[in-house]
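Because the structure is predicted, anything quoted here is derived from the model rather than measured. Atom set for the values below is all heavy atoms of this structure, side chains included, hydrogens, waters and symmetry mates excluded. Throughout, a chain's letter reflects where its sequence line sits, starting with A, and its residues are numbered from 1.
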Amino acid sequence: MAAVSTQRTADLREPSGWRRAKNRLAVGSMWFALLCVLIPLGFVLASVLVKGASVISWQFLTSSTIPPNVLPANFGGMGAAVVGTLEITAFASVIAIPLGVLGAIYLSEYGGNRPLARLISFLSDVMTGVPSIVMGLFIFTVWVIPRGLSGYSGMAGSFALACLMLPIVIRSSYEILRLVPDSLRQGSYALGATKSRVTLTVVLPAAAGGLVSGALLAVARAAGETAPLLFTIGAVEATNSNIFSGSNTALSVQIFDNVLQPYTGAVDRGWGAALTLIAIAFIFMIAARLVTARFNRYSR
Amino acid sequence: MSATVQTGPATPAGPVSGLWPRRPLGDRAFQLLALLSGLLVLVILVLIAVTMSQQSTQWFTTAGWSGVFSADWDPTNNKFGAMSFVYGTAVVSVIAIAVAYPLSMGVSLLLNEVVPRRWAQPIVYVIDLLAVVPSVVWGLWGFAVFIPWLQTTIYPHVASAVNHIWILGNLFGPLNGNYVSGASFFTGGLVLAFMIVPIVTSLSREVMATVPGADKEGAYALGATRWEMIRGVVWPHSQTGIVGATLLGLGRAMGETIVVALVMGSSPTITSHLFTPGYAMPGVIANQFGEATVGEFRAALIGMGVLLFALTIVVNLTARAVVERNARRIRGSA
């Protein structure tokens, strides 16, 4: 029997050389694709960190007047733009988040499978794809043109950002509301609660974590937007804490203006503003992730 | 006595007189509020279409269709032809998709089929950072860092290498002798590609996650390698969904403004040479709107916004239709 055991048989557990090579090649190119995606990201973040960190100081973040472009980077700072970005984004959130959540409530709690609900759901998908610059042009035509020069204000910018955020908030809130188990709703109906009461005191609290994290992601997206603000907030160099009247400014718009300047001081301030803006967007994103993590722990 | 029974949050509102009691006012008001918020989406979309078309009629009536789609853009002489911008938008979006598609497929297959789950999530977080970096920061980096680098170290070598090769020479070769520019169609497409990779990746991963585990295990049980399993099971199952994901990425790329306003060189040109400056629709709107205070100039830029709006809606509708059909097919086969 020794002769039999030395005989070679095809080993079916291992693929042949050519098939294995092809597999290796495919998996290798997948890793290569990941590398191709991560390198530019690292490149961008490194550039912004290195060039931005050398400009940023407490004075840069708080000074209330943006200096003329010819002055070097150690003069003045972007405080006015920081204030502008924060207040414009905040007001946009105040408009878009409640309306978006209410819209999602209509879709998940009242709409059911009605044609109107299906239409709204479909249109909010479509609206997600509308370019942000179109939102800026839209607010320009309906808000700024009728009012002339006094139409430019932080509020107009907030309207444009809110248009951008609304479908995102509707989408993310709807997905979360659908996850709330029906037994919770039925339990409260059985106790005699009205539909609005069930929605407000049972469904919304159950979905709170997901709603908050979706809203925060929308805020992170809106805070970095430039195009909706270009034609709506006007331009100023000094802090304007009143978003309802008077031109305003924002970090993203300042960066866009400063990029093409021939003066190194202006470009350097642009890098500082870029680092500040990325930091703001990242803070909102990380907050969203933390809320999601907590939410997942509770729902498990 | 009944008062003690009825305390607590579950108090039925209103008299329970029939099987369908009249719902209290607050309840109906809340429903109305929710409905109105939902309808806001419809209202805004209709308003966008109507008001912006109104503001741009002057362009369409003065220039006529031939004027609108001519390649002659010369605001000082009242020539407002949009063709070179339409061309620029089409070219950068195609480049963006051509670059982003293989990258996103590679990354999503890697995350779904190769990497263990506990490693996949951190990688997703990192890739999502690409989407959180604001577009103006991509523009700043593209303009100040990426363009000089491409212009000195990459494009000249590529251009001279492919100069006399058929087709490649027309696409990547230097224009008129020795001219390549860092600020170009191709740079715009590249930066857009980085920006849309996260969305295409996450949508494709969702599609690929619907592949039944039993099918995959079946393929492995037959002795397939990982790649053969992907080719034979994951790919056929998710193909249409991936087309939808890619189209959504295309819609994103077409509407992205600030990057194309900063890194394309801002020169309305129609040429096959991708290493030369071009101009895209959102770019010209962003760059020239400030000068266009009145009249046909502004009407033309707003009109370009209308065109862009229409284009992205068509692309998005197609994408949704593809995704929807795919979802129905999966439900049907399940």
Applying a strict 4.5 Å limit to non-hydrogen atoms, the region of B/Val197 in contact with chain A is side chain
Assert top hit (heavy-atom pairs under 4.5 Å, partner chain A, pool B/Gly305, B/Ala286, B/Gly251) equals B/Ala286
### Query
B/Gln55 and A/Leu137: side chain to side chain contact (heavy atoms under 4.5 Å, CB included), yes or no, with the steps?
CA-CA 10 Å; B/Gln55 286 294 329; A/Leu137 285 174; over 6 Å; no
Under 4.5 Å to a heavy atom of chain B? For A/Leu41 that would be both
Neighbour count >12 (heavy atoms, 6.0 Å) for atom CZ, A/Arg118: yes
Of all heavy-atom pairs linking A/Val198 and A/Ala193, the shortest is CG2-CB, 3.7 Å
Tested for side-chain contact (heavy atoms from CB on, under 4.5 Å) against B/Glu256, the lone hit among B/Ser93, B/Pro282, B/Ser135 is B/Ser135
Turns out that what part of B/Ala224 lies under 4.5 Å from chain A's heavy atoms comes down to backbone
Angle between ring planes, B/Trp141 versus B/Trp138, binned at 30° and 60°: parallel, tilted or perpendicular? perpendicular
Honestly, the part of B/Leu301 sitting under 4.5 Å from a heavy atom of chain A is backbone
Honestly, the part of B/Leu109 sitting under 4.5 Å from a heavy atom of chain A is both
Bottom line for A/Leu217: the part with an atom under 4.5 Å from chain B's heavy atoms is neither
Q. Considering only heavy atoms from C-beta outward, does the side chain of A/Trp271 approach that of A/Ser47 to under 4.5 Å?
A. yes
Short side-chain donor-acceptor distance under 3.5 Å, A/Glu225 and A/Ser132:
yes
Cut-off 4.5 Å, heavy atoms of chain A, and the answer for B/Arg320 is side chain
Cut-off 4.5 Å, heavy atoms of chain B, and the answer for A/Ile145 is side chain
Greatest number of non-hydrogen atom pairs under 4.5 angstrom with chain B, of A/Pro40, A/Ser252, A/Ala227, falls to A/Pro40
Checked B/Leu47, B/Ile127, B/Leu248, B/Leu33 vs chain A; the most non-hydrogen pairs under 4.5 Å come from B/Leu47
The interface call for A/Ser124 against chain B, heavy-atom contacts under 4.5 Å, is both
Checking B/Leu192, B/Leu190, B/Ile196, B/Val191 against B/Val99 for side-chain contact (heavy atoms from CB on, under 4.5 Å), the one that qualifies is B/Leu190
Under 4.5 Å to a heavy atom of chain B? For A/Val44 that would be both
Honestly, the part of A/Phe32 sitting under 4.5 Å from a heavy atom of chain B is neither
task = Given side chain to side chain contact (heavy atoms under 4.5 Å, CB included), test A/Val27 with A/Trp31 step by step and report yes or no.
result = CA-CA 6 Å; A/Val27 175; A/Trp31 283 105; 3.8 Å; yes
**side chain to side chain contact (heavy atoms under 4.5 Å, CB included) assessment of B/Trp227 paired with B/Val114** = CA-CA 10 Å; B/Trp227 175 239; B/Val114 179; over 6 Å; no
Okay, B/Thr257 and chain A: the region with an atom under 4.5 Å from a heavy atom over there is side chain
Whatever's closer than 4.5 Å to a heavy atom in chain A on B/Val145 counts as side chain
When the 4.5 angstrom heavy-atom criterion is applied to B/Asp27 and chain A, the contacting part is both
Can a donor-acceptor pair be found, under 3.5 Å and without considering hydrogens, that links the side chain of B/Thr187 to the backbone of B/Ala183? no
Looking only at B/Val133, B/Leu308, B/Ile285, B/Asn316, most heavy-atom pairs under 4.5 Å shared with chain A are made by B/Ile285
- Can A/Arg171 and A/Glu175 be said to form a salt bridge (Lys or Arg N to Asp or Glu O under 4.0 Å), step by step? CA-CA 6 Å; A/Arg171 201 73 257 158; A/Glu175 299 297 337; 3.6 Å; yes
Turns out that what part of B/Val126 lies under 4.5 Å from chain A's heavy atoms comes down to both
Counting heavy-atom pairs under 4.5 Å with chain B, the top scorer among A/Leu116, A/Thr199, A/Val126, A/Asp125 is A/Asp125
The reported gap from CD1 in B/Ile313 to CD1 in B/Ile48 (rounded to nearest 0.5 angstrom) is 7.5 Å
| query | Should the heavy atoms of other residues, nucleotides or ligands under 6.0 Å from CZ of A/Arg289 be counted, would the total exceed 12? | reply | yes
If one checks every heavy atom of A/Leu200 against chain B at 4.5 Å, the contacting part turns out to be side chain
When the 4.5 angstrom heavy-atom criterion is applied to B/Leu140 and chain A, the contacting part is both
Next item on the list: Would you confirm whether B/Glu228, through its side chain, and B/Thr225, through its main-chain N or O, come within 3.5 Å as a donor-acceptor pair?
Entry: yes
When the 4.5 angstrom heavy-atom criterion is applied to B/Phe309 and chain A, the contacting part is both
Whatever's closer than 4.5 Å to a heavy atom in chain B on A/Leu25 counts as neither
Before you tell me yes or no, could you show the steps for A/Phe231 and A/Val144 under side chain to side chain contact (heavy atoms under 4.5 Å, CB included), namely the whole-Å CA-CA distance, both residues' side-chain angles and the distance that decides it to 0.1 Å?
CA-CA 9 Å; A/Phe231 325 130; A/Val144 179; over 6 Å; no
Checked B/Gln31, B/Met52, B/Arg226 vs chain A; the most non-hydrogen pairs under 4.5 Å come from B/Gln31
Residue from A/Leu260, A/Leu45, A/Leu38 scoring the most non-hydrogen pairs under 4.5 Å with chain B is A/Leu260
Honestly, the part of B/Val306 sitting under 4.5 Å from a heavy atom of chain A is neither
Taking the six-membered ring of A/Tyr110 (Phe, Tyr or Trp), confirm whether the NZ or CZ of A/Lys195 is under 6.0 Å from its centre and within 45° of its axis.
yes
Chain B shares the most heavy-atom pairs under 4.5 Å, among A/Ile105, A/Val37, A/Leu230, with A/Val37
Under 4.5 Å to a heavy atom of chain B? For A/Thr201 that would be neither
Honestly, the part of A/Leu251 sitting under 4.5 Å from a heavy atom of chain B is neither
Under 4.5 Å to a heavy atom of chain A? For B/Arg28 that would be neither
| said: In terms of relative ring orientation, are A/Tyr152 and A/Phe140 parallel, tilted or perpendicular, with 30° and 60° separating the classes? | reply: tilted
Cut-off 4.5 Å, heavy atoms of chain B, and the answer for A/Leu99 is both
One option among A/Ala26, A/Ser196, A/Gly103 has the most heavy-atom pairs under 4.5 Å with chain B, and it is A/Ser196
*asked:* Has A/Thr85 got a side-chain atom pairing as donor or acceptor with A/Ala81's backbone, closer than 3.5 angstrom?
replied: yes
Honestly, the part of B/Leu262 sitting under 4.5 Å from a heavy atom of chain A is side chain
Of B/Leu129, B/Leu317, B/Ile302, the largest count of non-hydrogen pairs under 4.5 angstrom with chain A goes to B/Leu129
